[in-house]
Undergrad: 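Pasting a structure below so you can have a look.
These numbers come from the heavy atoms of this one structure, side chains and all, not from hydrogens, waters or symmetry mates. Just so you know, residue 1 is the first one in the sequence shown, and it goes up from there.
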Amino acid sequence: MEEHVWAWSRRRFLQGALLVGGVAATGGCGGLGFGDTLERIREAGVVRLGIAGERPYAYAEDEQLLGATAAVHRAVFQRIGEIDVEGVVSPFGELIEGLNGGSFDAVAAGMFVTAARCDLVAFSDPVYCAPTGFLVARGNPQGLRNFDSVAQAGARLVVLGGTVEREYARAAGVGADRIVPVGSQEDGLDAVADGRADVFALTSLSLRSLLEQARQEPPPPGAAQPPAVEQVELVEPFTPVIDGVPQLGCGAAAFRAPDDDLREAFNRELAALQEEGALLELLAPYGFTRAELPPPDVTTEQLCEVGGVTGAELDPLPR
């Protein structure tokens, strides 16, 4: 698994450090979940966070670890014990493998809590909740509003590799041959803009952030076509329904199952941020609103019980 390690801390930021390569010395037996991970990172003063480089959750820019979930993790670990954060960039579909293999201590990629994933890792309390979004060609010529409409139209659907949208689409009857995984948000935007796909499905937050970033980029010199961002539009966000059950998408931090002390410490400080009103302050610069805060009656235990769609034909590690 290829990794890029982005360090953020007072001392590392001043040094402008960017590390590239394998697992740092903070791993070892503790990194594999054997031993006291919380005590180890307290002693080291650093926690390694697995991220997918996806806006607006956690990404690297100008040798800084940025994003909404990165900001929340930074604040939480400072409260736990003035622990600095390092971001390890990994493909989204390999984050759980990397976590359980000791490449990092937690996943901070805005990963949704699902029943299948709860069998593999231990999630924190929800950090945010977000509906699904569709990016379509301007004017939405096929009238795509949800996954059922994609199936009925036989539309070509682009999804980010390893995310939950493929699962939702298959449950709605979208054929596997109509679903195209891509490696980045930008690839999804380009696929819809140039007509290779009819719709790109991701969280509404991610798509909104993608378009905002694209609008800030100057068009290539001498471009014959309008910028991709001018050829697409967002449809109204929605909550997918599988077998009559709404699939509320809520993201949380993920930890190795044996690391109960670390997860409980994270939850205590996360709850304190919520009570103080600081959680929204951390999320808001990245486009989150009060509407994306987790409902108080939604728990990780409930989210882990929502079966959704599972099976060998579906990616077991959705967003």
Undergrad: Between the side chain of Ser149 and the main-chain N/O of Arg145, is any donor-acceptor distance below 3.5 Å?
TA: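 Side chain of Ser149 to backbone of Arg145, a donor-acceptor pair under 3.5 Å: yes, one is there.
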Undergrad: Show, in sequence, the C-alpha distance, side-chain angles and deciding distance for Gln78 and Asp84, and conclude whether the side chain to side chain donor-acceptor pair (under 3.5 Å) test is met.
TA: CA-CA 7 Å; Gln78 281 293 304; Asp84 296 321; 3.2 Å; yes
Undergrad: Do Leu49 and Val88 touch side chain to side chain, with heavy atoms closer than 4.5 Å?
TA: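 Of all side-chain heavy-atom pairs linking Val88 with Leu49, none is under 4.5 Å.
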Undergrad: Going by heavy atoms in the side chains, are Phe112 and Phe123 under 4.5 Å from each other?
TA: no
Undergrad: Decide, yes or no, whether a salt bridge links Asp105 with Arg256 under the criterion of side-chain N to carboxylate O below 4.0 Å.
TA: yes
Undergrad: What orientation do His73 and Phe266 show, parallel under 30°, tilted 30 to 60°, or perpendicular over 60°?
TA: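 It falls in the tilted class, 30° to 60°.
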Undergrad: Checking the side chain of Asn140 only, and the main-chain atoms of Val235 only, is there a donor and an acceptor separated by less than 3.5 Å?
TA: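 Looks like no, no N/O pair under 3.5 Å.
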Undergrad: Using atom types as modelled and distance alone, determine if a side-chain donor or acceptor of Arg74 lies under 3.5 Å from a backbone N or O of Leu65.
TA: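 Present.
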Undergrad: With a 4.5 Å cut-off on side-chain heavy atoms, are Glu292 and Leu283 touching?
TA: no
Undergrad: Decide yes or no for Val107 and Ile96: does some side-chain heavy atom of the first lie under 4.5 Å from some side-chain heavy atom of the second?
TA: no
Undergrad: Quick one: does Pro131's side chain get under 4.5 Å of Thr203's, heavy atoms only?
TA: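 They are not in contact (no side-chain heavy atoms under 4.5 Å apart), so the answer is no.
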Undergrad: Applying the side chain to side chain contact (heavy atoms under 4.5 Å, CB included) criterion to Arg196, which one of Asp194, Val192, Asp198 satisfies it?
TA: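 So the option named by the test is Asp194.
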Undergrad: May I ask you to decide if Val174's main-chain N or O and Arg170's side chain share a donor-acceptor pair within less than 3.5 Å?
TA: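 Judged by distance alone, yes, a pair lies under 3.5 Å.
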Undergrad: Under the side-chain contact (heavy atoms from CB on, under 4.5 Å) test, which residues partner Asp148, sequence neighbours left out?
TA: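 With neighbours one apart ignored, the set is Asn146, Gln152, Ala172.
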Undergrad: Would you mind reporting whether Val232 and Leu211 have side-chain heavy atoms less than 4.5 Å apart?
TA: yes
Undergrad: Test Glu276 against Arg79 for salt bridge (Lys or Arg N to Asp or Glu O under 4.0 Å), laying out the working first.
TA: CA-CA 13 Å; Glu276 296 166 7; Arg79 296 173 68 117; 3.0 Å; yes
Undergrad: Tell me, do Ser206 and Pro56 make a side-chain contact under 4.5 Å, heavy atoms counted?
TA: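 Yes, side chains in contact.
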Undergrad: Please assess Arg55 against Glu61 for the test salt bridge (Lys or Arg N to Asp or Glu O under 4.0 Å), listing each intermediate value before the final yes or no.
TA: CA-CA 11 Å; Arg55 298 172 184 268; Glu61 185 176 278; 2.5 Å; yes
Undergrad: Between Val159 and Ile179, is there a side-chain heavy-atom distance shorter than 4.5 Å?
TA: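 Yes, side chains in contact.
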Undergrad: For the rings on Tyr128 and Tyr286, is their centre-to-centre separation under 6.0 Å?
TA: no
Undergrad: Using the salt bridge (charged side-chain N to carboxylate O under 4.0 Å, His left out) rule, collect all pairs that involve residues 172-193, keeping only residues at least two apart or in two chains.
TA: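 Residue pairs passing salt bridge (charged side-chain N to carboxylate O under 4.0 Å, His left out), neighbours aside: none found.
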